[in-house]
Amino acid sequence: MDASADFAPWSPRFVADPYSGFAALRAAGPVHWFEPSRQWLVPRHADVSALLRDRRLGRTYLHRFGHEEFGRTPPPPEHEPFHTLNDQGLLDLEPPDHTRIRRLVSQAFTPRTVERLAPVVRRLARELVDGLLADGGGDLMTALAEPLPVAVIAEMLGIPAADRGLLRPWSADICGMYELNPGEEAARRAVRASTEFSAYLRELIAARRADPGDDLISALIVAHDEGDRLTEQEMVSTCVLLLNAGHEATVNTTGNGWWALFRHPEQLAALRADHQLLPGAIEELMRYDTPLQLFERWVLDDIEIGGTLIPRGSEVALLLGSANHDPDRFPAPERLDLARADNPHLSFGAGIHYCLGAPLARLELAASFGELLRRAPGLRPVAEPEWKPGFVIRGLRELLVEC
């Protein structure tokens, strides 16, 4: 099947509401070739869930094959700063390097460790909501959704407060390269941000070597010095990934989630009446309007999906948002149901690349939603928001509200 009619990731209309297109893809079959990005689209929950765990697929192929051997063209030399930074990060590595680095970093993201951050997260959320209330409203994205997770991950990494304004622009420019078929301007911005961010972190790592602190960068330096073989480039790439992955899901779940609640006033009223619904509500909001819509994997060994042979060297696009709306797995998936009990959404992925920061994201979302539910019971939108042009990382430009 030609998927172009139902999958239009560069169309503002599709970005605003991709779910009817996903329904058409799921109904038409388990896998579809998409010529514009030269990928196989996988829209159904069972297949996406299985393939996220399938070791015949990988985030990279370079641990087993060269570019030419795999039938791929090497990236342009001028893009090298981005790829050096990106390719050494945890998300784009495979075992054994992935296993080694994840073991070190995961100690900072255990549920027990994250719970120790809870007072800091709640204080930051409270202070940001203070500002929103003092202004009588504003843009929920810039007032709360964006600064909270950036501040939290910066606190974990030990980035000085005076420098934190640099982080979000760098992250946004780097993440532009994760969209489908990014253009040269996106690549230039990503290369510039990669160069500047890397230089900044190398200076910070040097400072922490001279004067260690109680932060993750200092802990990674200690692990390196004790023989766990974490190179400086791996440290830099890990810190950038933790910032990028550590806030994008929270930012967009906050914006997308509140917009979904505003469009479903009966569900919002139920949540305002019973705050005990909040943990399940966060899971449902992540399912209902998924912040990361697509996850790419390389086919390292031939696989078969629904009777279609996908040869080695191919790329598959696992449609997480579509999987989260699959009626074979979720009864009435187009209905927002904050009390949904059986909710195995794939918004955090699965398998060895399951989101390391999921416990932290849940803590941040509970803190920010909880503060607004308690202290801004009349929160309401003042305009219909626009969506940012990106589809892969999908979220709102702004969400103007009154308190």
Salt-bridge present (Arg64, Asp301; N to O < 4.0 Å): yes
Side chain proximity check, Gln293 to Val392, heavy atoms < 4.5 angstrom: no
Considering all heavy atoms, the nearest Leu85-Gln233 contact: CA-NE2, 3.9 Å
Trace of the side-chain contact (heavy atoms from CB on, under 4.5 Å) decision for Thr238 with Leu216: CA-CA 11 Å; Thr238 295; Leu216 184 53; over 6 Å; no
Arg59 to Phe295 six-membered ring, cation-pi geometry met (6.0 Å, 45°): yes
Ion pair Glu115/Arg112, N-O distance below 4.0 Å: no
Residues Leu360, Glu364; criterion side-chain contact (heavy atoms from CB on, under 4.5 Å); working and verdict: CA-CA 6 Å; Leu360 180 59; Glu364 292 167 347; 3.6 Å; yes
Residues Glu398, Lys388; criterion salt bridge (Lys or Arg N to Asp or Glu O under 4.0 Å); working and verdict: CA-CA 9 Å; Glu398 62 179 12; Lys388 290 184 290 188; over 6 Å; no
Heavy-atom neighbours of Asp214 CG exceed 12 at 6.0 Å: no
Polar side chain donor-acceptor pair, Glu315 to Gln39, under 3.5 angstrom: yes
Short side-chain donor-acceptor distance under 3.5 Å, Arg26 and Ser322: yes
Residues Thr253, Thr250; criterion side chain to side chain donor-acceptor pair (under 3.5 Å); working and verdict: CA-CA 5 Å; Thr253 298; Thr250 308; over 6 Å; no
ring-ring contact (aromatic ring centres under 6.0 Å, His included) partner of His325, the single match among Phe330, Tyr19, Phe22: Tyr19
Pair Glu283 + Arg287: basic N to acidic O under 4.0 Å: no
Cationic tip of Arg397 above Trp387 ring, under 6.0 Å, 45° of axis: no
Lys/Arg-Asp/Glu bridge criterion (N-O < 4.0 Å) met for Arg188, Glu78: no
Side-chain touch Asn252/Thr254, heavy atoms, less than 4.5 angstrom: no
Nearest-0.5 Å distance that lies between atom CG in Leu25 and atom CZ in Phe7: 7.5 Å
Heavy-atom check, side chain of Asp289 versus side chain of Arg394, under 4.5 Å: yes
Which atom of Trp259 lies closest to which atom of Leu396, heavy atoms considered: CB-CD1, 4.0 Å
Residues Arg168 and Glu146 bridged, charged N to O under 4.0 Å: yes
Electrostatic pair Arg208:Asp215 at N-O distance under 4.0 angstrom: yes
Salt bridge flag under 4.0 Å for residues Arg164 and Glu155: yes
Side-chain ion pair, Arg100 and Asp97, N-O less than 4.0 Å: yes
Pair Arg202 + Glu232, salt bridge at N-O below 4.0 Å: yes
Pair Asn86-Tyr178, side chain to side chain donor-acceptor pair (under 3.5 Å): steps then yes or no: CA-CA 10 Å; Asn86 183 73; Tyr178 303 144; 2.9 Å; yes
Validation row: Val129, Leu144 side chains within 4.5 angstrom (heavy atoms): yes
Modelled atom types, side-chain donor and acceptor of Asn324 and Ser347, under 3.5 Å: yes
More than 12 heavy atoms of other groups within 6.0 Å of Gln276 CD: no
Residues Arg55, Glu94: salt bridge by 4.0 Å N-O rule: yes
salt_bridge(Asp302, Arg56) N-O dist < 4.0 Å: no
Atom CD of Glu386: over 12 foreign heavy atoms under 6.0 Å: no
Passing option when His353 is tested against Leu91, Leu52, Leu90, Leu93 for side-chain contact (heavy atoms from CB on, under 4.5 Å): Leu91
Asn244-Ser171 side chain donor-acceptor pair, cut-off 3.5 Å: yes
Check: His275 ring centroid to Phe369 ring centroid under 6.0 Å: no
Gap separating the CG atom of Leu104 from the OG1 atom of Thr99, nearest 0.5 angstrom: 11.0 Å
Closest non-hydrogen atom pair, Pro43 against Val31: CD-N, 4.4 Å
Residues Arg297 and Asp54 bridged, charged N to O under 4.0 Å: no
